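To start, the structure under review is shown below, and the notes come after it.
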Amino acid sequence: MADSISWRRFCRIGLDRPVPHPTTLVKLVRRAGPEVIAQLNAALLEKLADDRLLRGRKLRVDTTVVEADIDYPTDADLLEQAVRKLGGLVRRVKARGAASRTRFRDRGRAAGRRMKQLARTLRRRTGVAMAEVDRLTGEVAAIARHTLRQVRMVAGNARRARRRRPGDGRLGRLVGELEETIIATQRLLSQTDQRLAGNRVIPDRLVSLADPDARPIRKGKPQHPTQFGYTLLLTEDERGFIADHQLQRGNPPDAPQLVPAVERVIAVTGRAPGTVVGDRGFGTAANDQALAALGVKRVGLQRTGTPGKARLALERTRRFRRLRNWRVGIEARISHLKRSFGLRRTRLRRLGGACTWVGLGILAYNLQRMTVVTG
């Protein structure tokens with residue numbers, strides 16, 4: 001920000017005036033939290049509706065992935081990170097004078113050596129190499145188990161020291177983080193055991209220690225078959241405003257999210273939309289009936305599977321094809337939000353941080369869109 005004239009103009013900071021450090025802005029954003037950002041978005045949507053800018057006569061709905069700020073996860077890499085993090089936490093706990101006589105050996109370098117061997121092995125890309133990868137992954141898991149055994153003893157003694165020093169908030173936070181990392185490491189070991197046993201599909205898989213709420217998400221895209229982050233539901237009206245958004249952990253099914261999203265838009269605009277469209281993930285007979293009960297006259301939801309004769313005739317009509325073609329426009333809106341408003345990847349961690357990041361991006365977009373519509 002210090003060398004950006006456009007940001008200085010936006011923040012009304014003169015060229016001869018000092019600017020705050022970037023970490024100051026990060027702290028202010030985190031202090032606001034997702035609840036405050038949600039209130040700001042709600043207030044803006046209410047103003048847009050009162051000024052008749054947000055009409056909500058036509059709605060198109062879709063979901064996308066907001067990626068977490070993490071590297072591509074592997075079992076060995078996650079376990080090596082856990083070993084190093086546990087070692088660092090134990091050192092900080094001992095530096096506070098807790099569990100100072102409890103024996104602990106930091107095995108981070110040993111795990112790191114296995115990771116270097118694993119990286120060299122992966123370059124060969126043969127069947128023998130993959131067997132070697134499994135062997136090295138098992139060795140990293142064994143190192144993590146030895147580390148975990150000693151860390152549990154350190155954690156127990158640190159808890160007793162914390163009870164004797166209730167006013168030491170720093171020690172309390174360290175002990176809490178240590179216990180949380182122990183639980184995460186146990187979970188990683190369980191995942192690794194399942195993967196080495198041949199189970200490649202592990203539900204609710206932990207993919208990051210830094211962002212434990214991130215989940216693997218498959219959307220069927222050829223370039224990115226698996227992404228790691230959160231699922232974002234977007235509802236756009238005919239003027240391009242984002243009338244509703246919801247960020248969720250994992251990859252929940254699309255269909256149950258449609259009617260609640262439309263109901264939230266109705267609560268803001270005070271009227272039922274005349275048209276609602278979405279892709280095949282939202283297309284169910286129950287959704288068609290529920291939208292009709294809300295007062296929606298035109299529903300453009302394609303169905304999955306092989307449609308019957310009556311349904312096929314309906315989807316081939318000119319009216320339905322026009323609704324389907326209009327729905328495709330939300331893909332361009334999603335691309336615009338990711339390119340220009342930071343929704344491709346969240347830089348804040350955990351679900352609360354991701355909600356804050358996405359909420360700020362949607363707020364900035366709707367403000368910019370308001371200037372376009374009124375200008």
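Since the model is a prediction, treat every value here as computed from it, not as a measurement.
Without hydrogens or angle criteria, T371 side chain to Q368 main chain gives a donor-acceptor distance under 3.5 Å. Using modelled atom types, no side-chain atom of T269 and backbone atom of G56 make a donor-acceptor pair closer than 3.5 Å. When atom types are taken as modelled, the side chain of N366 and the backbone of I242 share a donor-acceptor pair closer than 3.5 angstrom. Between the side chain of N287 and the main chain of F282, a donor-acceptor pair closer than 3.5 Å is present. The backbone N or O of R316 lies less than 3.5 Å from a partner atom in the side chain of R321, making a donor-acceptor pair. A donor-acceptor pair under 3.5 Å is formed between the side chain of N199 and the backbone N or O of V201. A side-chain donor-acceptor contact under 3.5 Å links R84 to the backbone of G108. Looking only at distances, a side-chain donor or acceptor of E238 sits under 3.5 Å from a matching main-chain atom of R57. Side-chain atoms of T317 come within 3.5 Å of backbone N or O of L314 as a donor-acceptor pair. Not a single donor-acceptor pair under 3.5 Å links the side chain of Q302 to the backbone N or O of E315.
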F104/K94 under side chain to side chain contact (heavy atoms under 4.5 Å, CB included): CA gap, chis, key distance, verdict: CA-CA 10 Å; F104 175 77; K94 287 179 174 290; 4.2 Å; yes
Step-by-step salt bridge (charged side-chain N to carboxylate O under 4.0 Å, His left out) determination, D213 to R349: CA-CA 8 Å; D213 291 336; R349 295 171 178 173; over 6 Å; no
Verdict with supporting geometry, H336 and R333, side chain to side chain donor-acceptor pair (under 3.5 Å): CA-CA 5 Å; H336 177 50; R333 185 69 62 204; 5.1 Å; no
Criterion side chain to side chain contact (heavy atoms under 4.5 Å, CB included) on L86 and L178, from CA distance to verdict: CA-CA 7 Å; L86 289 170; L178 185 62; 4.0 Å; yes
Trace of the side chain to side chain contact (heavy atoms under 4.5 Å, CB included) decision for L54 with L45: CA-CA 7 Å; L54 175 64; L45 291 176; 3.9 Å; yes
Verdict with supporting geometry, L323 and R298, side chain to side chain contact (heavy atoms under 4.5 Å, CB included): CA-CA 9 Å; L323 293 177; R298 295 171 293 279; 4.3 Å; yes
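Note on L247 and L348: separate hydrophobic clusters, where clusters join Ile, Leu, Val, Met, Phe, Trp and Tyr whose side-chain heavy atoms are under 4.5 Å apart, directly or indirectly. Both V207 and Y72 are part of a single hydrophobic cluster, where members link through side-chain heavy atoms under 4.5 Å apart. Using a 4.5 Å cut-off between side-chain heavy atoms of Ile, Leu, Val, Met, Phe, Trp and Tyr, with links allowed through other members, F341 and I334 fall into the same hydrophobic cluster.
Note on D106 versus R91: salt bridge recorded, some NZ/NE/NH1/NH2 to OD/OE distance being below 4.0 Å. Between R369 and D237 there is no salt bridge, since none of the side-chain N atoms of the basic residue sits less than 4.0 Å from a carboxylate O of the acidic one. In this structure, R145 pairs ionically with D193, as a charged nitrogen and a carboxylate oxygen lie closer than 4.0 Å. A salt bridge is absent between D168 and R173; no separation between the charged side-chain nitrogens and carboxylate oxygens falls under 4.0 Å. Remark: E180 engages R350 in a salt bridge, criterion side-chain N to carboxylate O under 4.0 Å. A salt bridge is absent between D204 and R249; no separation between the charged side-chain nitrogens and carboxylate oxygens falls under 4.0 Å.
When all heavy atoms of A158 and V93 are compared, the pair lying nearest together is CB-CG1, 3.9 Å. For the pair Y230 and A214, the tightest heavy-atom approach, listed with the atom from each and the gap, is OH-N, 3.6 Å. The nearest pair of heavy atoms linking T63 to K219 is OG1-NZ, 3.0 Å. When all heavy atoms are compared, the tightest approach of T284 to R303 is C-NE, 3.7 Å. A76 and T137 make their closest contact through CB-OG1, 3.9 Å (heavy atoms, listed as atom of the first residue, atom of the second, distance).
Note that the CD atom of E236 and the NE2 atom of H245 stand 14.5 Å from one another [nearest 0.5 Å]. Taking CG from D75 and CD from Q194, the interatomic distance works out to 10.0 Å, rounded to the nearest 0.5 Å. One distance of note links CG of L206 with CG of L188; it measures 5.0 Å at 0.5 Å rounding. Here L118 contributes atom CG and R135 contributes atom CZ; the two are 9.5 Å apart, rounded to the nearest 0.5 Å. Taking CD from E67 and CG from D69, the interatomic distance works out to 10.0 Å, rounded to the nearest 0.5 Å. Rounding to the nearest 0.5 Å gives a distance of 10.0 Å between CD of Q257 and CG of D244.
Both tests hold for R60 against W326: distance to the six-membered ring centre under 6.0 Å, angle to the ring axis within 45°.
Between Q246 and R264, the closest side-chain pair of non-hydrogen atoms falls below 4.5 Å. Contact annotation: the side chain of P252 approaches that of T231 to within less than 4.5 Å [non-hydrogen atoms, C-beta and beyond]. At least one side-chain heavy atom of P273 sits under 4.5 Å from a side-chain heavy atom of I266. Residues V276 and K58 have side chains not in contact (no heavy-atom distance under 4.5 Å, counting atoms from C-beta outward).
In summary, the aromatic rings of Y365 and F241 are positioned with their centroids too far apart to meet the 6.0 Å limit.
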